[in-house]
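All values derive from a computational prediction rather than experimental measurement. In this chain, residues are counted from 1 in sequence order.
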Amino acid sequence: MGAIPTQRESASRAAGASARPHTVARTSLPGNSLAPGAARRFVRTTLAEWSELALPGTELVTDRLVGDAMVVVSELVTNAVVHAGTDVELLCRLDNCTEDCSVAVPGSTDTAQGTAGKAAEGARKAAPEAPGGSAFVIEVSDHHPERVVRDDGAARPYDAVEYGRGLRLVSALSEAWGITYRTGVKTVWARLPAEAIPTAEAAEAYEGEHALRRGRRAAEILAPAPRHTVQDQDWLNRGALSFLAEASDLLGGQLDEDLVAALTGQLLVPRLADWCAVWLEDEAPGRSDGGLVGGPRLARVWHGSENRMEELRRFLEKDPPELPESARSGPVPMPWPAEALGAKAERGSALAFRLIAGGRPLGALVIGRAGQDHFPDEITGLVEDLSRRVALAIGAARQYARQATISRVLQRGLLPGAVAEIPGVRSALVYEPCDKGGPSGDFYDLFPAGDGRWCFALGDVQGKGPEAAVVIGLARPWLRLLAREGYAVPDVLDRLNQLLLDDATETADAAARALVADGGRVLADEGPQNRFLSLLYGELVPVEGGVRCTVASAGHPLPLLLKPSGEVREVAQPQTLLGVFEDAGYHCGTFELRPGDSVLCVTDGVTERRNGHRQFDDEDGLAAALTGCAGLDAELIAERIRHLVHQFGGKPPEDDLALLVLQAE
């Protein structure tokens, strides 16, 4: 994400000689479901920083303008992501016009050039030649200008991560908006007035999402700032939309269903209810279809008064809600738990909402408010919309948990349970997969091969995830099998190379048959993947006075030998990757480890660790680091190298990291 402009940059723009002074901030966002939330955070942070710097025009930035900006930027970015799918460029500008001035068409350096496309002619407001005035301008650009921006009122499925509500909202909240087309770029922009209050037209904006249409109670609850006078209903709607946008942002980033339940309680109490409870259906262990058994469990109870929570929990656990399937996510009246809430809450209203995602029931959300016989319609509509977002968040958290469990089981199967102990040799291992939720592309092994031999391997598969797991699942068992059959180091690599080539050929043939059978409709990314493997493989044999080491590198960073004096040298020759050429013909080298000698083996997550344009192993950086480890034992060498690799870059490593140290005692 791009940085917010510094005070100097913003002030210079604001104090420039232009007839239309303004303050600007811009950022780039990925074209995925996280973009709308990131855009809202960026706009909120930008406005807060500008106000803190007291830049020109920020005295007109109100809570109302901030709320409108949250809704508008969410709609524009969501539309760009859903309909373009490219990375999104977001620009925010605070125009501070103290005199009448023509409003420039955003997205273009020429005010006469930027005219809105004919596709949006009927939807957008009149041409952007409005009288001057302070305003907050939002521009969202994507790289598919041929795609028309959605501006219909049709309902969208709730099982998507996040859908916009169409540009009708943008039109209602802005004084002008439009579309600018340039070569390879489409920019949708909106101008929000910092002074004028939009008309009651915006009151219709939330109709399709259970608009808060009656009463002042919801307005008092949801308004970003306290309101002391009766306002138009459009204010009420914007408060609800802002609330739902922030709730989506908060819930969507959680990967634990119990945390989602806890956050739901904090969102609802005391804002919309006196208490709430979240029931979750437990998934059946071992069921791949996501089936639910065992009945619901009470995951969370929240009450405005903490001393009532435990008693309310005990009461609710006795009688889980049973909601008819016909209820979908709509409200269903529930018995009032008077005996659990005390004398001051003898009567009240309780409603339950089914939590459904992907057509699968996940549980129920129950809310209650004392002292009233029913909830206002605006509250039930808003909670119903919130319940859909809660269900989506729970469904996503469960999917993540399933994938994480599969990945952990798969990872355990791809790596040895323990490394072998070798007489006269100390070993130390560092293994840090970059993606904690998926199989790593790096693997290691250290095992007895019989006849007084021990073998070690350190490998790196091209890519990650399932494809990497397939290659590791082939390579590691075959390494052990070939080694225990007595094959020499070069022969093991030759046969493993042929195995990968044969497997790739069979996979390509199967993909070709599937393509023909499917009439050519198989997607390109579903085809066979290249299965290349870099591998450092060696054999250790304890001998009198040390250990004989035979090693070969197939496209892998070369091992380094550290002498007690601090001398460092490479002990293998570079050769081609496995799985590339049919007749590669691998060879090996042999040397002896004397007491105190150490061999360092690493993957490219170490050598190619980046800091800007520099890599850790530039100018023999790894050898220099290893020289400083003279006199340390194997564990300390491994830890020191790991520490130096992490310290090298300002950000966490972006690749898997594995290193093995073998030291003769």
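With contacts defined as side-chain heavy-atom distances shorter than 4.5 Å, the pair V140/V88 qualifies. With a 4.5 Å cut-off on side-chain heavy atoms, F42 and L90 count as touching. Using a 4.5 Å heavy-atom cutoff, the side chains of L280 and E257 are in contact. In this structure, the side chains of L622 and V606 come closer than 4.5 Å at one or more pairs of heavy atoms. A 4.5 Å side-chain heavy-atom check between V419 and L660 finds every atom pair outside the cut-off. V551 is listed as a side-chain neighbour of L536, based on a closest heavy-atom distance under 4.5 Å.
Put simply, CD1 on I472 and CZ on F443 are 6.0 Å apart, with the number rounded to the nearest 0.5 Å. Here the straight-line distance linking atom CD1 of I641 with atom CG of L636 works out to 11.5 Å at 0.5 Å rounding.
At a cut-off of 3.5 Å, with distance as the only test, no side-chain donor of H143 or T86 sits close to an acceptor on the other residue. Looking only at atom types and distance, the side chain of T187 has a donor-acceptor partner in the side chain of R182 under 3.5 Å away. Defined by atom type and a distance below 3.5 Å, a donor-acceptor pair is present between the side-chain atoms of H587 and Q575. A side-chain N or O of S28 and one of E89 form a donor-acceptor pair less than 3.5 Å apart. Under 3.5 Å, the side chains of Q498 and D494 contain no donor-acceptor pair of N or O atoms.
E485 pairs by the salt bridge (charged side-chain N to carboxylate O under 4.0 Å, His left out) definition with nothing, not counting sequence neighbours.
Sorted by first then second residue, the ring-ring contact (aromatic ring centres under 6.0 Å, His included) pairs that include residues 589-648, not counting sequence neighbours, are F616-F648.
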> Could you go step by step and tell me if L600 and L659 meet the side chain to side chain contact (heavy atoms under 4.5 Å, CB included) rule?
Replying inline: CA-CA 7 Å; L600 172 64; L659 63 91; 4.2 Å; yes
>> Checking Y431 against Y444 for the ring pair (Phe, Tyr, Trp, His ring centres under 6.0 Å) test, could you report, in this order, the C-alpha distance in whole Å, the side-chain angles of both residues, the deciding distance, and whether it holds?
In response: CA-CA 9 Å; Y431 178 73; Y444 62 88; 5.3 Å; yes
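When every heavy atom of A623 is checked against every heavy atom of D617, the shortest pair comes out as N-OD1, 4.4 Å. When all heavy atoms are compared, the tightest approach of A449 to C455 is CB-SG, 3.8 Å. Shortest non-hydrogen contact noted between D258 and R297 is OD1-NH2, 3.0 Å. Scanning all heavy atoms of the two residues, the minimum distance from I637 to S598 falls at CD1-OG, 3.7 Å. The two residues D442 and A658 have their closest heavy-atom pair at OD2-N, 3.9 Å.
Within a 6.0 Å sphere centred on CZ of R548, heavy atoms belonging to other residues, nucleotides or ligands number 12 at most.
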